[in-house]
Amino acid sequence: MTKTFVLLATLAATATRSFAQSPASAGPAPPAQAGARLQPSPEQQAERRSQYLGKELGLNADQKAKLQPILLAQRQEMLSFRDKTRAGGSRQGMGQQFKASQAKYAEQIRAVLTPEQFSKFDQLRDERRDHMPEQQPGGRGKRANQ
């Protein structure tokens, strides 16, 4: 009787441990960091940005269609820069490449927009840059300096 009880207790303990560890295919993995969220794909980000700019700048359907691939290419290049920096690339060199890339895409966007729309686009971009340091983790930016 004691052997049976010990065997059942061992089986119960083993079964409990195996249920405590969820398999990888059971569902989406939780984010690695507390508060982290899943990033949308570059395509989704470009689409969302295109929708936003369409609303803010009053773009027509043709302009939106031309803007979408530019925004997608820009987002993919930005992710590439981020990955290179995380892999140990020179931040200074990446900064120069980043600025050149931004200028390249700004010219492509300028070709799609009217002068008035591009002026508004510049204004939105400047506002976004002003608020970006405040949103970065670790308190870097305006709030950290106050």
- Query: Which pair of heavy atoms, one from Pro40 and one from Gln45, lies closest together, and at what distance?
  - Reply: O-NE2, 3.4 Å

- Item | Note, Arg82 side chain near Leu79 side chain (heavy atom, < 4.5 Å) | yes

- Quick one: ring-ring contact (aromatic ring centres under 6.0 Å, His included) pairs with a partner in residues 97-122, sequence neighbours left out? Phe118-Phe121

- Query: Per the side-chain hydrogen bond (donor to acceptor under 3.5 Å, both in side chains) rule, which among Arg49, Arg48, Glu47 passes with Gln51?
  - Reply: Glu47

- Does Gln68 use its side chain to pair, donor to acceptor, with the backbone of Ala65 at less than 3.5 Å? no

- Hey, what do you get for CD (Gln102) to CE (Met78), rounding to the nearest 0.5 Å? 4.5 Å

- Message: For a quick check under 3.5 Å, do Gln108 and Gln74 share a side-chain donor-acceptor pair by atom type?
- Response: no

- Could you go step by step and tell me if Glu56 and Gln123 meet the side-chain contact (heavy atoms from CB on, under 4.5 Å) rule? CA-CA 11 Å; Glu56 291 294 318; Gln123 180 184 357; over 6 Å; no

- Item | Leu59 vs Val112 side-chain heavy atoms within contact, under 4.5 Å | no

- Task: Over all heavy atoms of both residues, which pair between Gly58 and Gln63 is shortest? Give the atoms and the distance, please.
- Result: O-OE1, 4.3 Å

- Sort and list the pairs that fulfil salt bridge (charged side-chain N to carboxylate O under 4.0 Å, His left out) and have at least one residue in residues 63-74, not counting sequence neighbours. Asp62-Lys66

- Message: For a 4.5 angstrom cut-off between non-hydrogen side-chain atoms, does Arg75 reach Glu43?
- Response: no

- Between Leu72 and Leu53, is there a shared hydrophobic cluster once you connect ILVMFWY residues whose side-chain heavy atoms come closer than 4.5 Å? no

- Message: Nearest 0.5 angstrom please: Ser80 OG to Gln97 CD, how far?
- Response: 8.5 Å

- Euclidean distance, Ser101 OG relative to Gln96 CD, rounded to 0.5 Å: 13.5 Å

- Task: Determine yes or no for a side-chain-to-main-chain donor-acceptor pair under 3.5 angstrom, with Gln44 supplying the side chain and Ser41 the backbone.
- Result: yes

- Item | Pairwise distance CG(Leu57) to CG(Leu124) - rounded to 0.5 angstrom | 6.0 Å

